[in-house]
Amino acid sequence: MMKVKHYVDVPGCPVEVTLDLIDGRWKGVVLFHLLDAGCLRFNALHRRLPGITQRLLTKQLRELEEAGLVSRTVYAEVPPRVEYRVTEEGESLRSIFDALARWGEMRLARHRAAKPKPAGC
């Protein structure tokens, strides 16, 4: 379980607060996909994240939910249906993730352009 943090009167950089909420390899990627899709069921989200275990995805979703960035809705059906979506607070991160995606695309393009071409015949 994630320890609830209080940032009132905490010295330091405001960037630290943001990065603390989306730290690690997966939380940012989870938020990116939820912002992109709007709403995803657990398995649909898991399919978008090759390399993450179900256990770790569950943990990351719980921490994002505790932080107030993601909401979880359980429908009383058989089998149970659970959907995840970004909260209003999570939605306020959209511009940050849009900027991260643009920067990542430009970096990939720069690296592809700088990659040496194999010698041809």
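Residues: numbered from 1 along the sequence shown.
Other residues, nucleotides and ligands place more than 12 heavy atoms under 6.0 Å from the CZ atom of R110. Heavy atoms of other residues, nucleotides or ligands lying less than 6.0 angstrom from CD of E88 number 12 at most.
Side chain to side chain, E65 and Y84 fail the donor-acceptor criterion of an N or O pair below 3.5 Å.
Between L45 and L61, the closest side-chain pair of non-hydrogen atoms falls below 4.5 Å. Residues Y75 and T73 are in side-chain contact: their nearest non-hydrogen atoms beyond the backbone lie under 4.5 Å apart.
Of the residues L35, D36, L93, L64, the one that meets the side-chain contact (heavy atoms from CB on, under 4.5 Å) test with V86 is L35.
Placement of L56 and L40 within a single hydrophobic cluster is found when ILVMFWY residues are connected by side-chain heavy-atom separations under 4.5 Å, directly or transitively. At a threshold of 4.5 Å between side-chain heavy atoms, the hydrophobic network of Ile, Leu, Val, Met, Phe, Trp and Tyr places L100 and F32 in one connected group. Residues L34 and I96 share a hydrophobic cluster, clusters being chains of Ile/Leu/Val/Met/Phe/Trp/Tyr side chains in contact below 4.5 Å.
Here the CD atom belonging to Q60 is positioned 9.0 Å from the OG1 atom belonging to T53, to the nearest 0.5 angstrom.
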Test salt bridge (Lys or Arg N to Asp or Glu O under 4.0 Å) on K27 and D23; report intermediate values, then the result.
CA-CA 6 Å; K27 285 183 192 171; D23 71 334; 3.3 Å; yes
Step-by-step side-chain contact (heavy atoms from CB on, under 4.5 Å) determination, V70 to R85
CA-CA 6 Å; V70 168; R85 61 181 36 87; over 6 Å; no
Could you give me the CA-CA distance, side-chain angles and deciding distance for L57 and F42, then say whether side-chain contact (heavy atoms from CB on, under 4.5 Å) is met?
CA-CA 9 Å; L57 178 56; F42 183 88; 3.6 Å; yes
Evaluate side-chain contact (heavy atoms from CB on, under 4.5 Å) for Q54 paired with N43, printing each intermediate quantity in order.
CA-CA 9 Å; Q54 288 187 350; N43 285 334; 4.2 Å; yes
Step-by-step side-chain contact (heavy atoms from CB on, under 4.5 Å) determination, I22 to F97:
CA-CA 11 Å; I22 60 172; F97 281 94; 4.1 Å; yes
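Using a cut-off of 4.0 Å between Lys/Arg side-chain N and Asp/Glu carboxylate O, R107 and E105 are scored as not salt-bridged. Between E63 and K59 there is a salt bridge, since at least one side-chain N of the basic residue sits less than 4.0 Å from a carboxylate O of the acidic one. In this structure, E83 does not pair ionically with R72, as no charged nitrogen and carboxylate oxygen lie closer than 4.0 Å.
What you find for P80 and R41 is that their closest heavy atoms are O-NH2, 4.3 Å. Here the closest non-hydrogen pair linking G68 and E89 is O-CB, 3.5 Å.
No donor-acceptor pair closer than 3.5 Å links the side chain of T87 to the backbone N or O of S71.
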